[in-house]
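Per chain, numbering begins at 1; letters A, B, ... match sequence-line order. When reading the values below, keep in mind they use all heavy atoms of this one structure, side chains included, and skip hydrogens, waters and symmetry mates.
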There are 2 protein chains.
Amino acid sequence: MDPFDDPRLTAMGLLAEVSTGLAAELGKTFSAAGLSEVDFETLIRLARSPRHQLRMSDLAGQTSLSTSGITRVVDRLEREGLVRRSPCSTDRRASYAVLTEAGVNRLTALIPQHLEDIDTWFTSLLTPEQLATFLETLRTIRDVVRPCATAGVESAEHVATG
Amino acid sequence: MDPFDDPRLTAMGLLAEVSTGLAAELGKTFSAAGLSEVDFETLIRLARSPRHQLRMSDLAGQTSLSTSGITRVVDRLEREGLVRRSPCSTDRRASYAVLTEAGVNRLTALIPQHLEDIDTWFTSLLTPEQLATFLETLRTIRDVVRPCATAGVESAEHVATG
DNA sequence: CGTTGATGTTTGCGCGAACAACTTTCTACA
DNA sequence: TGTAGAAAGTTGTTCGCGCAAACATCAACG
């Protein structure tokens with residue numbers, strides 16, 4: 001009679017609520033450090049990449065932002081001195097975004113509080129077994145909805161495949 | 001040495017990737033039906049509420065949108081005839097957003113594909129036990145990060161508490 | 001009954017992101 | 001080698017959203 005209370009809708013709504021609610025809590029620490037969520041996402045992706053650098057389009061692939069969005073984010077971060085652009089030696093169309101010393105420092109200052117936030121609002125709520133199971137499930141879904149989430153990671157080591 | 005590969009960062013990143021990746025897939029069906037994700041979220045919240053209606057501010061509370069955002073979403077949906085505003089008889093400041101017949105129809109037409117999408121990208125990837133465990137974990141987190149997610153649900157039945 | 005503060009909703013403004021068009025450079029193929 | 005098409009990145013435009021202010025109404029208190 002009422003098709004609007006299907007358990008699949010509830011499940012999906014729950015996932016969305018958790019994700020946005022968690023992001024809202026964690027975002028407080030970002031803005032206290034003068035960063036938006038997108039800024040942090042960009043910086044941390046760079047920090048976790050080899051040589052602290054990533055091509056603009058790979059950055060776009062990893063962060064669900066469009067390439068024009070990445071252009072502007074990197075513009076902002078470059079203006080603040082947290083990132084710099086570096087030309088790619090083998091492809092003159094491409095640029096790398098590279099984390100600067102200041103960018104590393106900003107992240108380093110931010111991360112302890114961020115990790116504490118993750119504990120408070122997420123990991124400490126679960127037993128280690130619960131957490132492990134949860135992450136395993138997330139990986140299962142991730143591998144299907146995000147087959148290319150590692151763009152630029154392995155290809156950075158096989159330059160010819162770019 | 002490198003504090004940027006903490007497992008908590010990975011865990012949080014995984015959750016964010018799954019949520020945004022899933023939203024991106026499901027969003028294709030929404031836009032095929034001429035709706036944005038926010039539109040759908042708004043309509044489905046109304047559909048799942050008693051009498052298919054909700055006060056503007058309760059709608060804002062349920063959807064991580066600001067009240068001004070809700071004003072504009074309802075403006076758009078009202079222009080399309082999917083929702084109408086209805087004054088509250090007991091408080092002349094308040095308005096209800098009410099799903100119209102056309103709104104119900106639009107949702108009803110959309111939902112079969114949406115449910116299939118959720119199956120394809122989410123629930124069918126897991127065993128029933130995995131899914132149940134996953135949802136249980138999500139609820140645990142939700143109860144902490146979103147203590148007021150049910151705004152307007154129970155209060156709609158005790159009008160005096162509004 | 002009038003005043004003060006709180007609450008619900010809407011509007012002015014500015015920012016941030018997507019889309020599409022454009023420039024430059026690369027790759028493939030003849 | 002020269003040309004066609006693809007790919008990387010940037011820019012113009014538009015639109016959605018949050019913030020703060022404004023407006024209307026309510027509740028409490030004298």
Quiz item: When you check the phosphate oxygens OP1 and OP2 of C/dC26, does a side-chain N or O of A/Arg92 lie under 4.0 Å from one of them?
Solution: yes
Self-check item: Pairs meeting criterion ring pair (Phe, Tyr, Trp, His ring centres under 6.0 Å) with involvement of residues 73-92 of chain A, two or more places apart
Solution: none
Exercise. Return the value, rounded to whole Å, for the distance between atom CD of A/Glu78 and atom P of D/dG9.
Key: 13 Å
Quiz item: Looking at CG of A/Leu35 and CG of A/Leu77, how far apart are the two atoms once the value is rounded to the nearest 0.5 Å?
Solution: 7.5 Å
Practice problem: Please report, rounded to the nearest Å, how far the P atom of C/dG8 is from the CG atom of B/Leu54. | Solution: 13 Å
Practice problem: Report which part of the nucleic acid B/Thr71 touches: base, sugar-phosphate, or nothing (heavy-atom distance under 4.0 Å, all strands). | Solution: base
Quiz item: Is the closest side-chain donor-acceptor distance between A/Gln62 and A/Asp58 under 3.5 Å?
Solution: no
Quiz item: Within the distance-only criterion (no hydrogens, no angle test), does the side chain of B/Ser95 pair as donor or acceptor with the backbone N or O of B/Ser86 below 3.5 angstrom?
Solution: no
Quiz item: Using 30° and 60° as the class limits, which term best fits the ring planes of B/His114 and B/Phe30: parallel, tilted or perpendicular?
Solution: tilted
Practice problem: Write down the distance between CG (A/Asp75) and P (D/dA8), rounded to a whole number of angstrom. | Solution: 19 Å
Quiz prompt | 5'-most by nearest nucleotide on DNA chain C - B/Arg93 or B/Met56 | solution = B/Arg93
Quiz item: Between D/dC17 atom P and B/Glu41 atom CD, what is the distance in whole Å?
Solution: 12 Å
Quiz item: According to the salt bridge (Lys or Arg N to Asp or Glu O under 4.0 Å) rule, which pairs have a member within residues 27-39 of chain A, sequence neighbours left out?
Solution: A/Glu25-A/Lys28, A/Asp39-A/Arg76
Quiz prompt | Of the listed nucleotides C/dT9, D/dT10, C/dC26, the one nearest the side chain of A/Asp91 | solution = C/dC26
Self-check item: Heavy-atom side-chain proximity of A/Leu59 to A/Leu46 below 4.5 angstrom
Solution: yes
Quiz item: How close or far is atom P of D/dT10 from atom CZ of A/Arg79, stated in whole angstroms?
Solution: 13 Å
Self-check item: Length of the line joining A/Leu59:CG and D/dT10:P, which is rounded to integer Å
Solution: 11 Å
Quiz item: OP1 or OP2 of D/dA7 sitting under 4.0 Å from any side-chain N/O of A/Arg55?
Solution: no
Just the table, please: protein N/O against nucleotides 13-19 of chain C N/O, every pair under 3.5 Å.
from	atom 1	to	atom 2	distance (Å)
C/dA17	OP2	A/Arg76	NH1	3.4
C/dA17	OP2	A/Arg76	NH2	3.3
C/dA18	OP2	A/Ser66	N	3.1
C/dA18	OP2	A/Ser66	OG	2.8
C/dA18	N6	A/Arg72	NH1	3.2
C/dC19	N4	A/Ser68	OG	2.9

Quiz item: Rounded to whole angstrom units, what separation is found between the CD atom of A/Glu37 and the P atom of D/dG18?
Solution: 12 Å
